[in-house]
Chemist: 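Quick one: the structure is below, questions incoming.
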Number of protein chains: 2
Amino acid sequence: MVRRTRFNDSDCPVARSVDAIGDWWSLLIVRDAFDGSRRFGEFQRGLGVAKNILAARLRALVDGGVLDVVPASDGSAYNEYVLTPKGRDLFNVIVALRQWGEAHFFAPEEPHSEIVDRRDERPLRALEVRSADGRRLGPDDAVVKKVAPPAAAHTPS
Amino acid sequence: MVRRTRFNDSDCPVARSVDAIGDWWSLLIVRDAFDGSRRFGEFQRGLGVAKNILAARLRALVDGGVLDVVPASDGSAYNEYVLTPKGRDLFNVIVALRQWGEAHFFAPEEPHSEIVDRRDERPLRALEVRSADGRRLGPDDAVVKKVAPPAAAHTPS
DNA sequence: GGAGATTGGTAGCATGTTGCAACTGGATGG
DNA sequence: CCATCCAGTTGCAACATGCTACCAATCTCC
């Protein structure tokens with residue numbers, strides 16, 4: 001079930017990320033986890049997904065190290081699913097998707113959920129791609145470079 | 001084919017984004033578009049995807065306003081697919097996914113492609129979520145708030 | 001300007017995945 | 001202990017995916 005390399009260019013980090021997340025439901029599970037969901041039923045109600053699908057995705061996310069199963073939290077004998085540090089690192093991805101959606105899929109007066117600073121309830125600043133020395137970069141200012149293993153034992157010549 | 005609201009919580013921008021992109025192939029198409037691919041054959045070779053799948057995804061991305069079909073560029077009578085401004089706004093999403101993949105799916109000496117500043121070829125700074133006044137925010141510092149239409153004509157009381 | 005390669009698809013078909021609904025079985029509560 | 005909820009699993013039908021073959025238009029080259 002852990003299908004390796006669904007995509008052929010698996011040396012691209014984007015492809016690996018995409019492969020690790022699995023599918024969009026999984027990403028929405030992660031979104032709900034950021035939003036406080038922990039229990040199977042919470043995810044199920046929040047997403048409206050079929051239970052077998054949810055169970056499979058949760059298992060995949062646990063296998064992939066994005067979620068952890070912890071035994072309890074409120075005294076009951078059930079399990080909870082919590083984000084691992086790796087899963088918490090998806091925060092940027094979720095925020096980026098959220099900001100893209102907010103910018104392009106909602107009329108100004110349309111109701112929508114919004115992510116805000118917990119402290120002052122103001123909306124977040126838009127994410128910015130920056131160079132190592134802090135300049136803002138747009139899509140044309142960055143290129144993808146192949147990085148070879150720096151000093152590893154590759155195939156002998 | 002333009003299935004509306006695959007997910008039930010379509011007032012969440014993340015869900016709408018996810019729905020608009022369609023599937024992971026589409027995101028990799030966008031990635032390759034950022035990387036300079038423009039022609040059908042380029043995408044096909046770059047991704048190794050079946051042609052019918054690619055054709056369907058390109059059509060969906062064009063319908064969704066992420067790509068545009070422009071008649072030519074090198075004199076030939078074929079088409080090219082270029083990112084719209086909306087598509088270019090996915091840059092943050094791609095970079096976020098790429099950085100997550102780089103951070104978690106590669107051994108230090110493993111070869112991988114890397115996104116670098118075009119000017120000095122140095123790797124980019126990690127994306128940072130910031131509040132309106134510039135504080136760095138982690139997953140626990142942000143909450144999702146429902147935003148109602150500010151002064152719209154809602155259902156009369 | 002015709003032969004053959006290239007580009008950009010479509011069509012058919014096998015297989016895999018999704019998702020609904022029904023079922024299970026342990027916890028919980030009264 | 002009986003009813004109910006929680007957390008899944010199982011069966012099955014429908015749909016989507018992806019491979020291969022095919023096809024038409026375009027380009028290349030002589």
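Letters go in sequence order (proteins before strands), and every chain restarts at 1.
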Chemist: Salt bridge (Lys or Arg N to Asp or Glu O under 4.0 Å) with B:Glu114: which residues, sequence neighbours excluded?
Modeler: none

Chemist: Through what angle, rounded to 10 degrees, does the axis of the helix from C:dG1-D:dC30 to C:dG30-D:dC1 turn between its ends, using five pairs per end?
Modeler: 30°

Chemist: What residues join B:Tyr78 in its hydrophobic cluster, counting side-chain heavy atom gaps under 4.5 Å, either direct or through other members?
Modeler: none

Chemist: Identify, with sequence neighbours excluded, every residue that meets side-chain contact (heavy atoms from CB on, under 4.5 Å) alongside A:Ala77.
Modeler: none

Chemist: Could you list the protein-to-nucleotides 26-30 of chain D atom pairs, N/O on both sides, closer than 3.5 Å?
Modeler:
{"unit_1": "D:dC27", "atom_1": "OP1", "unit_2": "B:Ala77", "atom_2": "N", "d": "2.4"}

Chemist: Could you work out, with side chain to side chain donor-acceptor pair (under 3.5 Å) as the rule, every residue matching B:Ser26, not counting sequence neighbours?
Modeler: B:Asp23

Chemist: Which atom pairs, donor and acceptor, lie under 3.5 Å between side-chain atoms of residues 121-129 of chain B and protein residues at least two apart or in another chain?
Modeler:
{"unit_1": "B:Arg122", "atom_1": "NE", "unit_2": "B:Asp120", "atom_2": "OD2", "d": "3.4"}
{"unit_1": "B:Arg125", "atom_1": "NH2", "unit_2": "A:Ala132", "atom_2": "O", "d": "3.2"}
{"unit_1": "B:Glu128", "atom_1": "OE1", "unit_2": "B:Arg130", "atom_2": "NE", "d": "3.3"}
{"unit_1": "B:Glu128", "atom_1": "OE1", "unit_2": "B:Arg130", "atom_2": "NH2", "d": "2.5"}

Chemist: Can you name the residues that form a side chain to side chain donor-acceptor pair (under 3.5 Å) with A:Glu102, not counting sequence neighbours?
Modeler: none

Chemist: Taking OP1 and OP2 of C:dT6, is either one under 4.0 Å from a side-chain nitrogen or oxygen of B:Arg39?
Modeler: no

Chemist: Less than 6.0 angstrom from the centroid, inside 45 degrees of the normal: does A:Arg38 satisfy that with respect to the ring of A:Tyr81?
Modeler: no

Chemist: Has B:Trp25 got a side-chain N or O lying under 4.0 Å from the OP1 or OP2 atom of D:dG18?
Modeler: yes

Chemist: Strictly under 4.0 angstrom, non-hydrogen atoms only: write out the protein contact profile of nucleotides 8-14 of chain D, one letter per nucleotide from the 5' end, B, S or -.
Modeler: BBBB---

Chemist: May I have all residue pairs that pass ring pair (Phe, Tyr, Trp, His ring centres under 6.0 Å) and include part of residues 30-57 of chain B, sequence neighbours excluded?
Modeler: B:Phe34-B:Phe91

Chemist: By the side chain to side chain donor-acceptor pair (under 3.5 Å) test, which pairs, at least two apart or in different chains, include something from residues 86-96 of chain A?
Modeler: A:Arg88-B:Asp140, A:Asp89-B:His104

Chemist: Could I get the full list of side chain to side chain donor-acceptor pair (under 3.5 Å) partners for A:Thr84, not counting sequence neighbours?
Modeler: none

